[in-house]
Amino acid sequence: MIQTLEWTKAGVRFLDQTKLPTEEVYVTCRSYQEVADVIRGMVVRGAPAIGVAAAMGIALGVESSRAQTLEEFERELHEICRVIGETRPTAVNLFWAIRRMQEKFQSLRACPLSKIRRGLVEEAQRMHVEDISINQAMGRHGAVLMPASGGVLTHCNAGALATCGYGTALGVVRAAVEQGKQLHVYADETRPFLQGARLTAWELVKDGIPTTVISDSMSGAMMRQGKIGAVIVGADRIAANGDVANKIGTYTVAVLAREHAIPFYVAAPLSTIDLLTPEGSQIPIEQRDPSEVTHIAGKPITPPGVEVENPAFDVTPARFVSAIVTEHGIARAPYEQSLTSLVRAAADGHRPPE
Ligand code: MRU
């Protein structure tokens with residue numbers, strides 16, 4: 001399985017996603033500041049992977065803390081969480097992971113500092129293991145939605161590389177293929193960062209799943225030609241009403257899917273559902289460096305001085321979403337009710353249905 005990120009004795013090791021698909025190189029971070037830099041610089045990206053990277057960054061930070069008292073330790077933890085929390089604003093998994101590490105600290109605060117440090121490192125490692133089984137559960141639930149054969153369109157990378165392994169949207173595709181469905185993935189290249197062309201194509205080709213890369217502007221024509229039976233994407237944050245923030249261009253795909261009566265599915269773990277954000281317009285959208293739009297592989301493609309916009313995400317209104325696949329089952333409209341009851345069932349410790 002692809003090792004997107006990993007806790008090692010030397011530090012947290014990341015497969016450098018800015019170098020794929022031409023180079024398969026790893027970066028080892030030895031401090032929480034370095035982890036913050038790799039999250040901001042997209043060495044690691046994708047909502048669930050960002051969450052676990054954040055937890056591991058916090059673990060690294062507290063492991064090397066020299067604090068002698070609980071007060072000093074708590075101050076350091078607060079600062080580490082602040083730095084990591086300022087890396088990327090849209091994927092709610094980042095804040096979910098920070099909160100989980102803070103809650104773990106609270107549950108251990110009566111213990112000696114050595115035990116608190118060990119407990120936080122173990123919690124981050126547990127989140128890594130859990131993420132993979134969550135994705136496999138999502139795959140089991142979502143596979144039934146995939147057509148028996150034919151084209152499935154995806155946007156950005158919601159695969160093994162965006163998680164600790166297996167993937168969310170691509171986890172559903174993988175599970176369907178494992179069940180014998182004959183799927184052919186159409187991967188939008190996903191301008192400007194090219195996660196589809198570089199990352200989705202890389203991991204699917206590695207797995208032997210038939211894949212065609214198309215430029216973002218081709219998806220409507222592919223749908224019109226009858227090549228696409230379903231769309232499946234991941235999410236960075238899902239508001240309580242089911243509005244979905246995901247990679248820029250997702251909204252366009254959802255509108256096109258509706259026009260062509262093609263189901264539009266979202267696969268995301270419960271940690272991506274943000275019940276505290278009532279609707280999509282309240283989701284903070286990350287604005288990235290204009291050079292991602294004006295340059296390709298370091299070469300300018302626009303005249304100097306032109307104005308540029310580079311929002312990294314857009315919001316797809318819930319009415320375009322046919323279903324949301326989670327590790328606890330499938331949510332359908334009205335999402336206010338279905339998402340709340342899935343999140344509550346999980347919090348009450350109900351096991352997800354097999
Ligand atoms: O900017 P990125 O590459 O972090 O954006 C990633 C996406 O938009 C993914 O679709 C989303 O995080 C879901 S990943 C399972």
Side-chain angles (χ1 to χ4, degrees), residues 2 4-5 14-18 20 38-54 87-97 131-132 134-139 142 153-174 185 187-204 216 231-238 244-254 264-274 280 283-289 292-293 310-316 321 324-327:
I2 295 162
T4 309
L5 69 163
F14 295 93
L15 174 55
D16 186 345
Q17 299 192 30
T18 64
L20 289 172
V38 300
I39 295 174
R40 200 177 291 108
M42 311 265 281
V43 167
V44 63
R45 30 69 47 205
I50 290 172
V52 177
T87 50
R88 297 195 70 192
T90 304
V92 75
N93 307 60
L94 178 82
F95 307 100
W96 167 86
D131 184 62
I132 299 170
I134 284 171
N135 294 334
Q136 288 165 337
M138 233 181 291
L153 178 72
T154 192
H155 190 74
C156 193
N157 172 266
L161 290 166
T163 63
C164 298
Y166 205 67
T168 58
L170 296 189
V172 171
V173 168
R174 284 193 167 95
V185 176
D188 278 348
E189 66 172 350
T190 319
R191 274 280 290 151
F193 212 72
L194 304 177
Q195 289 94 329
R198 297 188 303 105
L199 308 178
T200 295
W202 182 77
E203 63 171 79
L204 292 180
D216 299 343
V231 177
I232 187 154
V233 297
D236 287 82
R237 193 186 292 227
I238 301 175
V244 173
N246 191 49
K247 180 53 53 193
I248 190 75
T250 303
Y251 169 58
T252 316
V253 173
F264 178 89
Y265 301 120
V266 175
L270 294 182
S271 52
T272 302
I273 297 169
D274 179 8
I283 296 175
I285 300 294
E286 177 184 8
Q287 304 293 321
R288 291 193 60 88
D289 197 301
E292 290 177 357
V293 175
N310 189 14
F313 302 97
D314 60 25
V315 174
T316 298
V321 179
I324 298 176
V325 182
T326 77
E327 70 273 32

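Values in this document were obtained by computation on a predicted structure and should not be read as measured data. Whatever order the structure lists ligands and atoms in, that order sets their numbers, starting from 1.
Electrostatic pairing of R237 and D274 counts as a salt bridge here, judged by a charged N lying under 4.0 Å from a carboxylate O.
If you number the atoms of ligand 1 from 1 as listed, the ones under 4.0 Å from a heavy atom of D236 come out as 7 (C), 8 (O), 9 (C), 11 (C), 12 (O). Close contacts between ligand 1 and Q195 involve ligand atoms 1 (O), 2 (P), 3 (O) [criterion: under 4.0 Å to a heavy atom]. If you number the atoms of ligand 1 from 1 as listed, the ones under 4.0 Å from a heavy atom of A158 come out as 14 (S), 15 (C). Near N246, with a cut-off below 4.0 Å to any heavy atom, the atoms of ligand 1 are 7 (C), 8 (O), 9 (C), 10 (O), 11 (C). Atom numbering of ligand 1 starts at 1 in the shown order; those under 4.0 Å from a heavy atom of R88 are 1 (O), 2 (P), 4 (O). Interface of N157 with ligand 1, defined as ligand atoms under 4.0 Å from a residue heavy atom, comprises 9 (C), 14 (S). Distances below 4.0 Å separate heavy atoms of T168 from the following atoms of ligand 1: 15 (C). Per-residue contacts place A47 under 4.0 angstrom from the following atoms of ligand 1 (heavy atoms of the residue considered): 12 (O), 14 (S).
Judged by distance alone, with hydrogens and angles left aside, the side-chain atoms of E286 form no donor-acceptor pair with the main-chain N or O of F313 at under 3.5 Å. The backbone N or O of G196 sits nowhere less than 3.5 Å from a side-chain atom of H155 that would complete a donor-acceptor pair. Judged purely by atom type and a 3.5 angstrom limit, R88 has no side-chain atom pairing as donor or acceptor with the backbone of I39. Of the possible donor and acceptor atoms, none in the side chain of D131 sits under 3.5 Å from a partner among the backbone N and O of A49. Between the T90 side chain and the P284 main chain, a donor and an acceptor come within less than 3.5 Å of each other. Using a distance-only test at 3.5 Å, with no hydrogens or angles considered, no donor-acceptor pair links the side chain of T163 to the main chain of G46.
Taking each of P269, A162, G171 in turn, the one with a heavy atom nearest to atom 14 (S) of ligand 1 proves to be A162.
Looking at F193 against ligand 1, nothing comes within 4.0 Å, counting heavy atoms. Contacts between K247 and ligand 1 below 4.0 angstrom, taking non-hydrogen atoms only, involve backbone and side chain alike. Counting heavy atoms under 4.0 Å from ligand 1, residue V233 does not touch it at all. The proximity of P48 to ligand 1, defined as any non-hydrogen pair under 4.0 Å, is limited to the side chain. Using a 4.0 Å cut-off between heavy atoms, H155 makes no contact with ligand 1 at all.
Taking distance alone, with nitrogen or oxygen atoms compared against 3.5 Å, G46 approaches ligand 1 more closely than that limit.
Between D188 and T190, the side chains place no donor N or O within less than 3.5 Å of an acceptor N or O (distance only, hydrogens not considered). Under the 3.5 Å distance criterion, with hydrogens and angles disregarded, a donor-acceptor pair is assigned to the side chains of N157 and R45.
E286 does not count as a contact of ligand 1, since none of its heavy atoms falls under 4.0 Å from the ligand. The shortest heavy-atom distance from A235 to ligand 1 is under 4.0 Å.
The minimum heavy-atom distance linking A53 with F14 is given by the pair CB-CE2, 3.7 Å.
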Carefully, step by step, assess V266 and N246 under the rule side-chain contact (heavy atoms from CB on, under 4.5 Å). CA-CA 10 Å; V266 175; N246 191 49; over 6 Å; no
